[in-house]
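To start, the structure under review is shown below, and the notes come after it.
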Amino acid sequence: MELIVEAVSHQYGATEVMADISFTIGSGEIVTVIGPSGCGKSTLLRFLGGLERPTSGKVFIEGAAPDGSLNPLTYVFQDFALLPWRTVEGNVRLVLDDHRLSASHTDEIVDDVLARTKLSEFRSAWPRQLSGGMKQRVAIARALAVRPAVMLMDEPLSALDSQTRELLMDDLVELWGRERFSACYVTHNLAEAVRLGHRIVVLSRRPGRIREVVDIDVPLSERATRMAELEVTQRHLWQLMRDEAREADRELLHVD
Amino acid sequence: MSTDLASPAAQHAEPATDLAGRREVPFRGGGFRHRPMWYVGPVVFAGLLLLWELGSRSGVISPIALPAPSEALGALGDLVETGMLWRHLSASLSRLALGWSIGTCLGILVGLAIGLFAVARSALSPLVSAFFPIPKIALLPLFIIWFGIGEGSKVATLVFGTFFPTVIATYSGVDGVDRNLIRMGQSFGLKWRSIVTKIILPGALPAILSGARISASIAIILLIAAEMIGAEYGLGAYILMAGSLFALDQLIAGVAMLSIIGLIVAWLIGRAERKLLDWRL
Ligand SMILES: Nc1ncnc2c1ncn2[C@@H]1O[C@H](COP(=O)(O)OP(=O)(O)O)[C@@H](O)[C@H]1O
Ligand SMILES: [Mg+2]
């Protein structure tokens, strides 16, 4: 299943948030979107998952969702969005309850995703007892439970400390190796974009436009050990972003 | 650094200064913190009772102004012996339970409606604001005409009195539910019903329960007032009768019963909170 963004522009009232954004997320492909804060990344992701509609332009799905996909377009949120009154297991079950699966099938899925995200021993813990990294793993387990065709990830690692971020990036790469999920991964962190993206879409400051699209050929699993080769790409991206970030920063100061 | 030993400053420094001239950083972080001290409350309470009893026995407190606690206890004993205690208590408690639970259930339903539907909010929230400040006891005569002089009018007063605070607590609880959680529910394709019962209701529950605490106290106050205005049995009627006969020991006994009811209700709600909100800590 492919997700196609076609000429999307959007305004909130008089504020133009993004202009003429087009790109495609192929099957099994991770597209990372980077851009300075306020350039409309979260808004774009809401359009991709159908939580909001753009002022103009459209988002299309092409091809059928894989068999057994319960929720083809599935989010992983920056703030985890776990229900504090449900345990780890309860949070995963929440998204399965409405699908009329047999009890044994549900149990199977829950056991499976908790095992895959290494959470089996924490299944009856409350969210408040978990560290940030663990919470995000629960959110990823919950997303995997509905067998998404495309994962929509809004800065999923931004609320975490840098060590946890490294660990979770490794986890995501390993997971992708097994599941070959497609994803639109939004971030403002260059290192994440370069580690996880098959393709990197660089947005300008608000109103967000596509500055450049960079493809990276190095396989995900080899990137951690071949950072030297990626250094060039990362430096190029940083040059693109630096000016945008600086200008965006000054703009915010003007607004205040 | 050995010269430090000889210098007067080192010798007279307040916290113990060791050979290298080090001393511990002074601790400044104490106080401003609540430690549970469960025994203090009962001790203060018992102490006050004891003072009161001693005051009455020694004649400092005139028996005409205030009977001794032991006399009030005696009056309570009489009440138990004659079987009247149960009579008054059961009348009061059944009104309280019925009025409070109907008012609370209706309040939660209407509060949810206001929280969930824009139409209900526009239609009902001005009404709620208009009715909330009316002391419901003022409507008792009206309720007597509508529901009769018997149980109906008293229960109706309690229903009305508990309904409005519950509505307000419920819809502000719903308003306070994290929008991101609702959006999460929508993004996973949860049914509307599931979003309401699994995300919005549990999210609003802390507010609903603190509303229940308030409405329970309002209910007790209204109960007594309604029973004083027209009831044969009930703690309110008993207290009124004791007062008009200047039987102060009975009056104190009745008031003590009220206080006990209030404590028990607060304890029950506290238990419910601990059980229902165990995810909070
Ligand atoms: N619901 C909304 N109503 C009005 N303005 C919004 C809304 N959501 C976002 N914005 C504005 O749109 C711009 C882009 O926001 P967002 O997509 O959150 O940026 P990013 O995720 O890239 O930091 C910001 O200036 C923000 O203030
Ligand atoms: Mg954002």
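Naming: A, B, ... by sequence-line order, numbering from 1 per chain. Just so it is clear, the structure is predicted and the values come from calculations on it, not from any experiment. Side chains included, hydrogens not; waters and symmetry mates left out as well; all remaining heavy atoms used.
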Heavy-atom distance under 4.5 Å to chain B: side chain of [X], backbone, both or neither?
| X | result |
| --- | --- |
| V146(A) | side chain |
| Q78(A) | neither |
| L70(A) | neither |
| F77(A) | side chain |
| D98(A) | both |
| R142(A) | both |

Measure the spacing between [atom1] of [X] and [atom2] of [Y] and express it to the nearest 0.5 Å.
| X | Y | atom1 | atom2 | value |
| --- | --- | --- | --- | --- |
| W85(A) | D278(B) | CH2 | CG | 13.0 Å |
| L96(A) | F188(B) | CG | CZ | 9.5 Å |
| L190(B) | H99(A) | CG | NE2 | 7.5 Å |
| Q186(B) | Y75(A) | CD | OH | 10.5 Å |

Write down the atom of W279(B), the atom of P84(A), and the distance for their closest heavy-atom approach.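 That closest heavy-atom pairing would be CB-O, 3.3 Å.
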Counting only heavy atoms from other residues, nucleotides and ligands, does the tally under 6.0 Å from [atom1] of [X] exceed 12?
| X | atom1 | answer |
| --- | --- | --- |
| K191(B) | NZ | yes |
| F60(A) | CZ | yes |
| R147(A) | CZ | no |
| R271(B) | CZ | no |

For chain B, the option from L82(A), T87(A), L94(A) that forms the most heavy-atom pairs under 4.5 Å: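 Counting heavy-atom pairs under 4.5 Å, the top option is L94(A).
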Is any side-chain heavy atom of R280(B) closer than 4.5 Å to a side-chain heavy atom of R128(A)? no
Contacting moiety of R193(B), where chain A heavy atoms sit under 4.5 Å: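 Neither part.
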Of the backbone (N, CA, C, O) and the side chain (C-beta and beyond), which part of L276(B) lies under 4.5 Å from a heavy atom of chain A, both, or neither? neither
Taking only Lys NZ, Arg NE, NH1 and NH2, and the carboxylate oxygens of Asp or Glu, determine whether K198(B) and D97(A) approach each other closer than 4.0 Å.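 Yes, charged N to carboxylate O under 4.0 Å.
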L51(A) and S187(B): side chain to side chain contact (heavy atoms under 4.5 Å, CB included), yes or no, with the steps? CA-CA 7 Å; L51(A) 287 178; S187(B) 80; 4.1 Å; yes
